[in-house]
Amino acid sequence: MLYGFPAILTPEEETIIVRFRDLPEAITEGATRAEAMAAAVDCLDVALLFRAREEEPIPEPSPKARGEVVVAPSPAVAAKLILRQAFVESGLSQSELARRIGVGETEVRRMLDPDHATKIDRLDRALRVLGRRLVVDVQAA
């Protein structure tokens, strides 16, 4: 699963507005293109985690249209969302996942909590137990 969402950057008077077609609640801005893109990542993180917290669906990203850029969430947020999705699809209980990972159930609750920061190696370990593999891709900005 890739969480790269298309965004449109609209120059205004002294700012650049960023809007996400698939996430209408996600709007931000920056004084320069670089600032707008950095703000877009933060905005996307907040919008996706809010949806997870509220148990609202996270849409599949639409294909990029002409004039749009693709914005990806931070790696930690993407990994957390993928873990939550894989957990739901697995049908396991939190206690069973904890047993398979070798941690306490409280740790699994934290890993699945959108508001709790979890180290990427912990998320990777849990994903492997759920039959997934975390892959990091570095692209030019």
Side-chain angles (χ1 to χ4, degrees), residues 1-98 100-141:
M1 177 70 178
L2 298 175
Y3 285 113
F5 286 88
I8 188 76
L9 280 66
T10 307
E12 296 286 332
E13 290 180 22
E14 293 185 25
T15 190
I16 299 172
I17 307 295
V18 182
R19 289 182 177 88
F20 292 88
R21 183 167 25 110
D22 298 322
L23 302 160
E25 69 275 18
I27 302 171
T28 191
E29 66 180 331
T32 64
R33 182 180 172 86
E35 287 178 12
M37 290 300 292
V41 173
D42 291 339
C43 180
L44 182 59
D45 282 354
V46 169
L48 293 173
L49 290 172
F50 175 82
R51 284 181 174 236
R53 187 180 317 107
E54 298 299 314
E55 297 184 13
E56 292 182 15
I58 294 174
E60 289 283 327
S62 297
K64 181 180 111 169
R66 186 176 190 171
E68 291 180 324
V69 296
V70 174
V71 178
S74 65
V77 168
K80 178 144 313 225
L81 294 172
I82 291 166
L83 173 61
R84 288 172 56 91
Q85 180 181 345
F87 172 72
V88 168
E89 291 172 1
S90 75
L92 295 176
S93 66
Q94 290 182 7
S95 56
E96 179 58 21
L97 179 58
R100 291 184 186 190
I101 297 172
V103 299
E105 189 175 344
T106 301
E107 178 65 22
V108 168
R109 278 197 303 273
R110 289 181 187 138
M111 292 169 79
L112 296 170
D113 181 350
D115 295 320
H116 188 274
T118 305
K119 292 182 180 179
I120 202 87
D121 61 323
R122 289 269 188 175
L123 296 170
D124 181 50
R125 187 171 169 196
L127 283 165
R128 287 178 185 271
V129 165
L130 294 171
R132 306 294 199 288
R133 198 177 114 212
L134 186 61
V135 177
V136 177
D137 182 21
V138 178
Q139 300 176 352

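The shown structure was predicted, so the numbers you read here are calculated from the model rather than taken from an experiment.
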Side-chain donor-acceptor pairs of residues 10-20 under 3.5 Å, sequence neighbours excluded:
residue	atom	partner	partner atom	Å
T15	OG1	E29	OE1	2.9
T15	OG1	G30	O	3.1

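- In summary, D124 and R128 engage in a salt bridge, as defined by a charged side-chain N under 4.0 Å from a carboxylate O.
- With rounding to the nearest 0.5 angstrom, the NZ atom of K64 is 10.0 Å from the CD1 atom of I8.
- The shortest side-chain heavy-atom distance between I101 and E107 does not fall under the 4.5 Å cut-off.
- Using a distance-only test at 3.5 Å, with no hydrogens or angles considered, no donor-acceptor pair links the side chain of R21 to the main chain of S62.
- Interatomic distance, E105 CD to L97 CG, rounded to the nearest 0.5 Å: 9.5 Å.
- More than 12 heavy atoms of other residues, nucleotides or ligands sit less than 6.0 Å from atom CD of E54.
- Between the CG atom of L134 and the CD1 atom of I82 there is a distance of 7.0 Å, given to the nearest 0.5 Å.
- The backbone N or O of A65 lies less than 3.5 Å from a partner atom in the side chain of E68, making a donor-acceptor pair.
- Residues A76 and I120 approach most closely at CA-CD1, 4.1 Å, considering heavy atoms.
- In terms of modelled atom types and a separation under 3.5 Å, the side chain of E96 and the main chain of L92 share no donor-acceptor contact.
- A distance-only check finds no donor-acceptor pair linking the side chain of R122 to the backbone of M111 [under 3.5 Å].
- Counting only heavy atoms from C-beta outward, the side chains of V77 and L44 never approach each other to under 4.5 Å.
- When all heavy atoms of E60 and F5 are compared, the closest pair comes out as C-CE2, 4.4 Å.
- Closest of all the heavy-atom pairs between G4 and P61 is O-CB, 3.1 Å.
- Between the CG atom in L81 and the CG atom in L112 there is a gap of 11.0 Å [rounded to 0.5 Å].
- The CG atom of L130 sits 8.0 Å away from atom CZ of R100, with the distance rounded to the nearest 0.5 Å.
- In this structure the side chain of V103 reaches within 4.5 angstrom of the side chain of V108, judged on heavy atoms.
- Across every non-hydrogen atom of L127 and A86, the tightest pair is CD2-CB, 4.2 Å.
- In this structure the side chain of R51 reaches within 4.5 angstrom of the side chain of E25, judged on heavy atoms.
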- [ ] Any chance you could lay out the side chain to side chain contact (heavy atoms under 4.5 Å, CB included) test for R132 and E89, step after step, and finish with the verdict?
- [x] CA-CA 11 Å; R132 306 294 199 288; E89 291 172 1; 2.4 Å; yes

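- Listed here is the closest heavy atom pair of P6 and P63: CG-O, 4.2 Å.
- For the pair Y3/I58, a side-chain contact is recorded, criterion being any heavy-atom separation below 4.5 Å from C-beta on.
- To the nearest 0.5 angstrom, L123 atom CG is 6.0 Å from K80 atom NZ.
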